[in-house]
Protein chains: 2
Amino acid sequence: MTSTIFSIAPSSAQTAPSQNKCAVCSFKKLCLPVGLDDNAVSRLDKIIGRRRRIARDEHLYRMDQPFNSLYAVRFGHFKTAQVNLRGEQQITGFQMAGDLLGMDAIGAGRHACSAVALEDAEVCEIPFARLQELFGEMPQLLQHFHRIMSQEITREQNVMLLLGNMRAEQRFAVFLLNLSARYQARGYSPSSFQLRMSREDMGDYLSLTIESVSRLLSRFRKQGWISIDNRDLTILDRAALEALSTGAALEVAEQKAARAEEAMRGKSRMTLCAA
Amino acid sequence: MTSTIFSIAPSSAQTAPSQNKCAVCSFKKLCLPVGLDDNAVSRLDKIIGRRRRIARDEHLYRMDQPFNSLYAVRFGHFKTAQVNLRGEQQITGFQMAGDLLGMDAIGAGRHACSAVALEDAEVCEIPFARLQELFGEMPQLLQHFHRIMSQEITREQNVMLLLGNMRAEQRFAVFLLNLSARYQARGYSPSSFQLRMSREDMGDYLSLTIESVSRLLSRFRKQGWISIDNRDLTILDRAALEALSTGAALEVAEQKAARAEEAMRGKSRMTLCAA
DNA sequence: CGTTGCTTTGACACCGATCAATCCTGGTGG
DNA sequence: CCACCAGGATTGATCGGTGTCAAAGCAACG
């Protein structure tokens, strides 16, 4: 096993000193405290439970486990995955610092997917019952929580679009640009970063085989769009990736677009008829 | 254009008499009022805006329009779809009586997808600002709202699973059984119902071409699993569909499962090592 | 230095897309 | 009443992108 920074006291959760301090957390601009004043932030601070450290490849929670808390990532990366009866996994997302985990469990009271650390990581535990108490007193917090949940819905819709309507190349370009944007939002380089997940994880997210992922990386490299050394990736030609990601050069699709446009015009005519 | 029940006063929204009456709505068990007492329901009633009638093929809202209200479907069916630059659409869901529309717009303040009526339909308009006022006073309502949003997240995760990990046959079986279950929950026959959407819409949801959809319907019919006459569908062999939907008879996949299991065992060993 | 697991690369197969022709249905007009 | 038409649905033939299978390369580690 790869040695971890937790090799002395590994796996299980640990209680941290009481001061969690959203106030001084470098990711508060991306996390729950967005838009809260100092007073509000300190009230939020008070309900944040222990911090938990999760070693690489360990579960933060497992599918079907009862739901009690949301988790905000402090550092490290996670993947969330649903596993079906046959052991195939669909990775539903990758989470990094400032991202909120566990919202899909509110509805059923059990986690709908499993969260696994891709590297040694730390999260803030947010007991949901206590968060709910705060909602009554802090409408700004509630509003922001709704925004976050809603954004999770639109994020997933985008993945549906990706899985449903894009070819392998396009999916991969979208994936890389998405990572790039998220690192930029966190103050890191948007053009040079480490892929925290294995080829297999990328494949299970994009619904491609590891072989396809590998071939795509090679092709992108040969085109001079990226450089890739193991898991270290550099975007060399962002414009090319963006062109791909918006679906340039797919004349087949353009034909379909033409057809769709025609259909639209048809419907407009129909509407006029009816009015 | 097909004549509609609104042919006299078509398209645009209409103000309905003030009494919306969630209390007497046959779908309150599926909708926002779940679990509310009479008093609470009447308070919810008061903020519900006008009812809106939407004729077949008309938009309830369009992508990018500013967000003001959620909508609860009273009758009729809708589809929600994202359309990309090239006119391809990914249908993100089909909504029926009791379903809530528009939650994906809270985050950005604009609708992330378009909602179109598949047939003449009616919705309750729920001004979100007023709903938010109620949240402060009615924690049960807030809790239920969170459940609904969370369920929307898990619903979409299931679609991701469907698009990412299932073959055409399996997707289609899952789709039919899902419709069946939803009609059953609404008190309709789970085995015999009308497909409210065109073949193309089914395809754009399942990410299949109309030809594939058509072939699947034919194949399922020839196998004796369903009968299909135009849009009228009857499930004749539910067990067969369920077997398909859980992914029976995919030995290829079983191999992958075996590999995954092996990997799992590998990781357990690693964990033991570390502990 | 061998083992182990991950990655890369190549050859081939197969599912579902694409293209094309026909059928069916409902609506329209003679 | 029937002929005609348009749009949607079905069916068949073929193509192509990705999965599958297999082998080899490579890096980390004991």
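Everything numeric in this text was worked out from a predicted model, so none of it was measured. By convention in this document, chain letters (A, B, ...) are assigned in the order of the sequence lines, proteins followed by strands, and residues within each chain are numbered from 1.
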Report the distance from atom [atom1] of [X] to atom [atom2] of [N], rounded to the nearest whole Å.
X      : N      : atom1 : atom2 : value
A:R231 : C:dT8  : CZ    : P     : 11 Å
B:D229 : C:dT25 : CG    : P     : 8 Å
B:E200 : D:dA9  : CD    : P     : 8 Å
A:M202 : C:dT8  : CE    : P     : 8 Å
A:L216 : D:dG17 : CG    : P     : 13 Å
A:L163 : D:dG17 : CG    : C1'   : 16 Å
B:R167 : C:dA13 : CZ    : C1'   : 12 Å
B:N165 : D:dT18 : CG    : P     : 16 Å

Checklist entry - Heavy-atom count around A:Y183 OH within 6.0 Å, excluding the residue itself: above 12? => result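 Count over threshold, so yes.
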
Determine all donor-acceptor pairs shorter than 3.5 Å in which one atom belongs to a side chain in residues 214-225 of chain B; sequence neighbours excluded.
unit_1, atom_1, unit_2, atom_2, d
B:S218, OG, B:S214, O, 3.1
B:R219, NH1, B:E169, OE2, 3.0

Item to check | By ring-ring contact (aromatic ring centres under 6.0 Å, His included) - contacts of B:Y205 (at least two apart) | outcome: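 B:Y205 satisfies ring-ring contact (aromatic ring centres under 6.0 Å, His included) with B:F94, B:F175 only.
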
Item to check | Step-by-step side chain to side chain contact (heavy atoms under 4.5 Å, CB included) determination, B:L195 to B:F193 | outcome: CA-CA 7 Å; B:L195 297 168; B:F193 48 86; 4.2 Å; yes

Item to check | Nearest-neighbour nucleotide for the A:A168 side chain, C:dT7, C:dG16, D:dT18 considered | outcome: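 In terms of side-chain proximity for A:A168, the closest of C:dT7, C:dG16, D:dT18 is D:dT18.
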
Contact list (N/O, under 3.5 angstrom) for nucleotides 10-14 of chain D vs protein:
unit_1, atom_1, unit_2, atom_2, d
D:dT10, OP1, B:R199, NH2, 3.2
D:dT10, OP2, B:R199, NE, 2.8
D:dT10, OP2, B:S214, OG, 3.0
D:dT10, O5', B:S214, OG, 3.0
D:dT11, OP2, B:S218, OG, 2.2
D:dG12, N7, B:R215, NH1, 2.8
D:dG12, O6, B:R215, NH2, 3.3

Checklist entry - For residues A:E119 and A:H77, is any side-chain donor paired with an opposing acceptor at under 3.5 Å? => result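 Looking only at side-chain atoms, A:H77 and A:E119 do form a donor-acceptor pair, the distance falling under 3.5 Å.
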
Checklist entry - Can we say B:R182 and B:D99 salt-bridge, meaning some charged N sits less than 4.0 Å from an Asp/Glu carboxylate O? => result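 Looking at B:R182 and B:D99, the cut-off is met.
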
